[in-house]
Structures are given as structure tokens and as C-alpha cells.
Amino acid sequence: MLAELKRIVQEVNAMNDLRSSLDLLVQRVKDSMAVQVCSVFLWHAASERYVLMATEGLNKSGIGQVTLTREEGIIGLVGRREEPVNLADASAHPAFHFVSSLGEESLKAFMAAPIIHQRQLLGVLVVQSTANERFNENAEAFLVTMAAQLSGFIAHAQATGGLRQIGLNRHTDILNLRFDGVAGAPGIAIGEAWVVSSIELEDVPLFACEDIEHEIQQLDAAVAMVRSDIRRAGLAVESQLSLQEQALFDVYLGMLDEAALTGEVKEKIKEGFRADGALAEIIRGYSLHFAAMEDPYLRERATDIRDMGRRVLAYLQQDQKNPQALPDNAILVGDELTPAILGEFAGKQIAGIVSVKGSANSHIAIIARAMGIPTVMGVVDLPWKKLEGRELVVDGYRGHVYRDLSADKHQYFQQIVLEEQELAKGLESIRDLPCVTRDGYRLRLMVNTGLLTDVVRSQDKGAEGVGLYRTEVPFMMRDRFPTESEQADIYRQQLQGFAPMPVTMRTLDVGGDKSLPYFPISEDNPFLGWRGVRVTLDHPEIFLVQVRAMVRASEGLNNLRIMLPMLTQVSEVDQSLSLIKRVVTELQEEGLDVIMPQVGVMIEVPAALYQVAHYAKRVDFLSVGSNDLTQYLLAVDRNNSRVADLYDTYHPSVLQALHTLVLQAKQSQVPVSICGEFAGDPAGAVLLMAMGYDMLSMSSTSLLRVKALLRQVDYQWAKQLLEQVLQLESPQQVRACVEQSLQALGFADGFMSFTHGRLAPSA
Ligand code: PEP
Ligand code: MG
């Protein structure tokens, strides 16, 4: 059954458009299950009706014509109950609704399964037979599995306008196509999509061009490059080929002649299109034409044409994909964007980021927040390959990406961009003021850094030091481990940039979702695997070099603090401490004027919560990594967009844990700070202050907003709010309570976290 299912799903997915896919689906399911009828009904939200979209066995003239309301027929029942039905005789069922035009008279057995994607009902898949008996269990399992497999495909078609092509959603989504993901970094960006990947011929749409002559020149240059590549390839193998075989290279080259492909592409360009789209369009036409030929030799030519097209396209796009050619308002779009990708565009202004995979706590999102780049993650239904050059609007507050916005919605977002620029300017005025509440409670605010540019950015925001320097970031942007002196240079810039304020450097925290291209770690469960200090203790040579570089860099500055990530055993602290002490002694023996830095541990794993006192007596400070602590407490992968709704630091259990931790740290008389993303959420910061955290460390973009809020509230009020919040049962209740309390004081939405920002229009 599994093989059969897989085969059908693959075939269906391989079709170019939804209409053909559904037609093929009903045909294959009918044959496979040996039934008389298979049909698909899809739910059309605008008309609030199910529409018959494809059938094999019923009268096909009903396709697109036969519709049912939510209340009508057994289809309506399946949709309402969201569970399958399996009936020996449909006509005997009270919900049966006879449609005379369909030709159902002789049919008896009826089985239907709802098509549901992410809790949303998309339609119903039905099979019918003339036998007067229920379908057996195997058949039921097959249909239910088929419907589940189909759901992602239909959701994707819906999101990409595929339903429109077959006549559904005609009036509703020609404009304002919205793709939903997870809010990654706050802010609104309006810009041009820059797809980060190799692009296939199928994915290059026709773009209008401004300068036809220029496009023709580009094409000629690309064709000339391909010609010379092919000639070179021909010469390289000449001696091994017969004359006849050598002639094949000439045939190949002939395809590029003016009289053949190139001429046609130029004609298309002259209609006003860019060279890449024109080329892709012509090649697509040719390859379809050849692929449909009877003669197997000619059919094979489709492959040659496509290969040739890809070669020319690669040269055309190379020109456009040069990172230096990135437009100012570029929105990076890709399947799985990583921090390393940002390295390629270093020094370039990136307006927004959209990633199909990943979640708000993926490291690219964290870095994007630090850089103030509006980001949406986990946009699973985004047709990302087809977006090159299109204008997108990224709503990093709500996790939405829009395409083809209507003029009024476009203007709405533009207005927000302007307002935000104004707000940022307004916040500048509190840059040099301390973070003190109205009733005089003083809290230190520091920044999380990773990139070199963070140093300047953080000083601009009036940070009081670095609470977390993610040293793995410079490691990720290289193709080998940086040497001790390379590391020392980078660390020195951080230490010098903030001196005499403290800089807390975390030792290399790779594993999980942070892998180094030159040190791959492949595991089934990376977040429960070889991560953080587990890796560096297994590789003391990496750890020792890094700590040497840190301590060397601190010479004469003495503002270094070292922090250890992902601890689950006190022995890990002991081992790390003894290595750090060894390094300091060695450097002192080498004549360097260095001191033993303060050393702290991150509390990121539930196990560490129960041993706070034991950690505390070994180290100088504790710092809570609430990103990982949330993930491990709630058993929710911080990168998985499917469970992103469940990842919530406002969860009462997480808040209780954060609170208990401070109380224990106070008892042990060790300072405790927090450097997870929760610290940068203004409302979260209020709760953390009330819990008693000594210092909050956050991305520089959050700092002024957090300070602005804390300066306008009373510490006593925050303590009362915390008391109230700690009584609540669910994250939703906590959020509502915090939100209402802030609103009662006159604060607007912008002071709730990035996942809870400003209201967007419901497009
Ligand atoms: C954390 O887990 O909260 C943290 C600050 O570390 P990272 O996000 O780099 O894992
Ligand atoms: Mg962490």
C-alpha cells in the first residue's frame, strides 16, 4: 500500500498544474482501489461552498459546476465532523443529497475523507462503488492516508494562486497573496526578492526589461561564453572520439546559432523582456515540444536543449547574482537560509529575509534581529523559486509575506515603515540615559553580539557591555577554523570596542542548528546531541586555542568574561575551568600581562535548574539561555515551524523556572543575568526585572525599546504584575494579562514582543 501511495503522490506532484494533478489523482485512486468513482471536492471560502474539482466515474460536466454548502450532503457532513465516513449505501443516509446531473444512480458504497492541512479543512476526497457494502479497513486507511498526503499539495496550490488557475478564488486572491510563516525579526520591509539558490529553467518567470539593447548584449556575451566552454570540452576529448562523434559537438553548438535558439530568444527580448526570462521561456517551449515526440532520438534532444539553456542561464544569472549587484532594498529569499549566507552579503544593505525552513529561534533569525532586518521564517508554502525580482512585503511582526499587494495595502505598509523610522529617531534621545524605573530601580542592559558591526551598532544604542558574544558567528563565516591570532584579532576588537565595560564571550557553541561547513556534525537529534561544551571538551585543541585567543586579546583591558554553553554536568564546569586556568598560567609564563577572567555558565537545560547552587559555587556568574531553556522545558524544537505555536517563553512553566532560578541564584549570592531573546521583548523584560535578574542582555535593536518601557514603569508595579502572572495557567492568559496591564498604562502594541507586534491588515 505504501509503495502505491508513494507512486501516486509522486506522479501527482510531478504534474505542472493543479488541474492535471487532480485529474491524474482521481484516475489513479480509482484504478488502485478498483472502485467505480473517485472525486475531489474543494472548499471555496469566498462562496462558502464545496466545488467538485475532479472526478473519474461521475459526469465530468459537473466539474466546477456542482457545488454544496457546508450543510449539504455527506460531503458537508465529512467536512463538519472532520472525520471520514464509510457507508454501505449512501442513498440510505439521512444526509444524502442527490444531484441528478452526476450519474450516481447505480452507486451504493460511499467513502470520503476530509483533506486537512494545519487544522484547516481544504476539501473532501471521495470514492464510490456499486457494491452494497462498506469498504474494508485497508481501503479506508488508503483513502485517509491519500487525503493527508494530498493536503500539503493543495495548500501549496492555494497559497500560490493555483486554485485561481482552475477557476477557484477568482475574485479573492488576484491581489494580496499572503504566505504565512513565523515572525523572525520585527519590522516591515518592502523590497525586491533575491532568491538565494541555483535557479532552474522552470522557475524563471518573464520579467519586463527597460533596456532591450543591454539585454541582447548580455545574451550574446553569455552565449559566447557557453560556446567557448563547449569548444573547450570538445577539444579536451577530441582524441578519444570518432569524427562522427566529434561532429555532435558541432550539432550542439548549432543550437546556439542566430537562426536557431539565440535568434528566437532575441525576438522575445524585443517584445520587452529580460534575457534570462526570455531564454527560459523559449527553452521551456522547445523542451516540451521535443519531449512530446514519438521518436526516441528526437525526444532525447529535449535534454540537450535544456542543458544548453541551463548553461546560458547560469552565465546570465551569474551576472545578476553577484552579491555585489544586490539592490539596496533586497529581500533574501531561500529554502533554508543560514547565518553563513549573511556573510556572503557582508557590507550590503539587506532589507528583509524570508526562509522557507526554520523558526524564530533559528540562528539566522537571531542574527537578523541583531541586525534589525525584518524576517519571516518557516514560510512552508512559499513558492520561493518563483519569486526572483518580485516585490515582496515582509511583515516581521506577524510572520507574513505578501506578494502583489493592492495599492491601499501597499500604502498601509509603507506608512508603517515611515512610522518606525520616526519611532527609532525618537528613541535615540534616551540613548545615554540609564535604565532606571520611575521609582528608582536600576537595571543594567547589555547587548548580544556576534558580528563585528554589532560593536558600533551597540555603542550607538548606549549598551553597558556585552552579555553574550556568540563566538561561533565568526567561525561560521569562514571555510576553516580561524587560527589563534585571527581569533585574537577579532576578540580584541570586541573587547576594545566596549572597554572598560565587560564583554562576555561564550566559548564555541556549535551543534544543534549551528554547524560549521568545515566541521560537519550529522545527527538524528542534533539538539539533544553533540552541542556546545560537549563538543569543545571532546576537542580540547579547539577549546584551548579559543580560550588562549580570548585571554591574549584581553591583555591590558581586563574586561573579558568567559561563559560556557549547554552544561548538564558540574564536571563539565570543573574540566572547563581547569583548562581555562591552564591557559592563563601558560600565557602569564609566556610573559603576557593577563589575569584570570571571570567565568560563568549558561543555564539552558532543565537539569541545570536543579543544581544552581552547585554551579554557583564554582563560577562567578550565571546567565540564562532562555531560548534553549524554553525549547528543552517544553520539548519544542526551536527551529520547527510546525510546532512554533507551542514554543513560548510566556508559558507559565518557563516563567516559573526563570523565577525559581533567580531565587536560587540569590541564595547562592551569585549574580544572574539572562541573554535569551525574552530579555529583548519589552514586556518580557518587565517580568524579568520583577523576578530580580541583575542584568538583561539582548540584541542591540531591542535595547532602546526595552529601556524606553522600563524607564516609564514602576518597579513595584512590575512586581505586582509578576505576582499576578505567576498565578496563571496558560501562555495565552499570561500574554493577555501582560498586554492588558501595559495597555492600561497607555502603552501600544509595539511594546509587546516581536511575535505580538502591531496589527496588520487582514489581507
Ligand atoms: C539561548 O539559548 O538562550 C542563547 C542565548 O543561546 P543561543 O540562542 O545562541 O543558543
Ligand atoms: Mg543556547
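For clarity, every value in this text was computed on a predicted model and none was experimentally measured. Each ligand, and each atom within it, is numbered from 1 in the order the structure gives.
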Can you produce the list of protein nitrogen or oxygen atoms under 3.5 Å from a nitrogen or oxygen of ligand 1, alongside each distance?
unit_1   : atom_1 : unit_2 : atom_2 : d
ligand 1 : 2 (O)  : Glu604 : OE2    : 2.8
ligand 1 : 2 (O)  : Asp628 : N      : 3.0
ligand 1 : 2 (O)  : Asp628 : OD2    : 3.0
ligand 1 : 3 (O)  : Gly625 : O      : 3.4
ligand 1 : 3 (O)  : Ser626 : N      : 3.1
ligand 1 : 3 (O)  : Asn627 : N      : 2.7
ligand 1 : 3 (O)  : Asn627 : ND2    : 3.3
ligand 1 : 6 (O)  : Arg506 : NH1    : 2.9
ligand 1 : 8 (O)  : Arg470 : NH2    : 3.0
ligand 1 : 8 (O)  : Asn627 : ND2    : 2.9
ligand 1 : 8 (O)  : Arg638 : NH2    : 2.8
ligand 1 : 9 (O)  : His363 : NE2    : 3.1
ligand 1 : 9 (O)  : Arg470 : NE     : 2.7
ligand 1 : 9 (O)  : Arg470 : NH2    : 3.4
ligand 1 : 9 (O)  : Arg506 : NH1    : 3.2
ligand 1 : 9 (O)  : Arg506 : NH2    : 2.8
ligand 1 : 9 (O)  : Lys514 : NZ     : 3.3
ligand 1 : 10 (O) : Asp628 : OD2    : 3.0
ligand 1 : 10 (O) : Arg638 : NH1    : 3.0

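Checking side-chain atoms of Gln733 against main-chain N and O of Glu729 turns up a donor-acceptor pair under 3.5 Å. Within the 3.5 Å criterion, the main-chain N or O of Met602 finds no donor-acceptor partner in the side chain of Tyr615.
Residues satisfying the side-chain hydrogen bond (donor to acceptor under 3.5 Å, both in side chains) criterion with Glu484, sequence neighbours excluded, are Arg548, Arg552.
Counting only heavy atoms from C-beta outward, the side chains of Asp628 and Val605 never approach each other to under 4.5 Å. The shortest distance between side-chain heavy atoms of Leu688 and Leu443 does not fall below 4.5 Å. A heavy-atom distance below 4.5 Å is found between the side chains of Pro597 and Val584.
Around OH of Tyr518, the count of heavy atoms belonging to other residues, nucleotides or ligands within 6.0 Å exceeds 12.
Within the structure, the side chain to side chain donor-acceptor pair (under 3.5 Å) test picks out the following pairs touching residues 658-671 (sequence neighbours left out): Lys666-Asp694.
Inspection of the environment of the Mg ion (ligand 2) yields the following protein N, O or S atoms under 2.8 Å: Glu604 OE2, Asp628 OD2.
Taking the six-membered ring where tryptophan is involved, the planes of Tyr441 and Tyr715 are essentially parallel, since the angle between them stays under 30° and well short of 60°.
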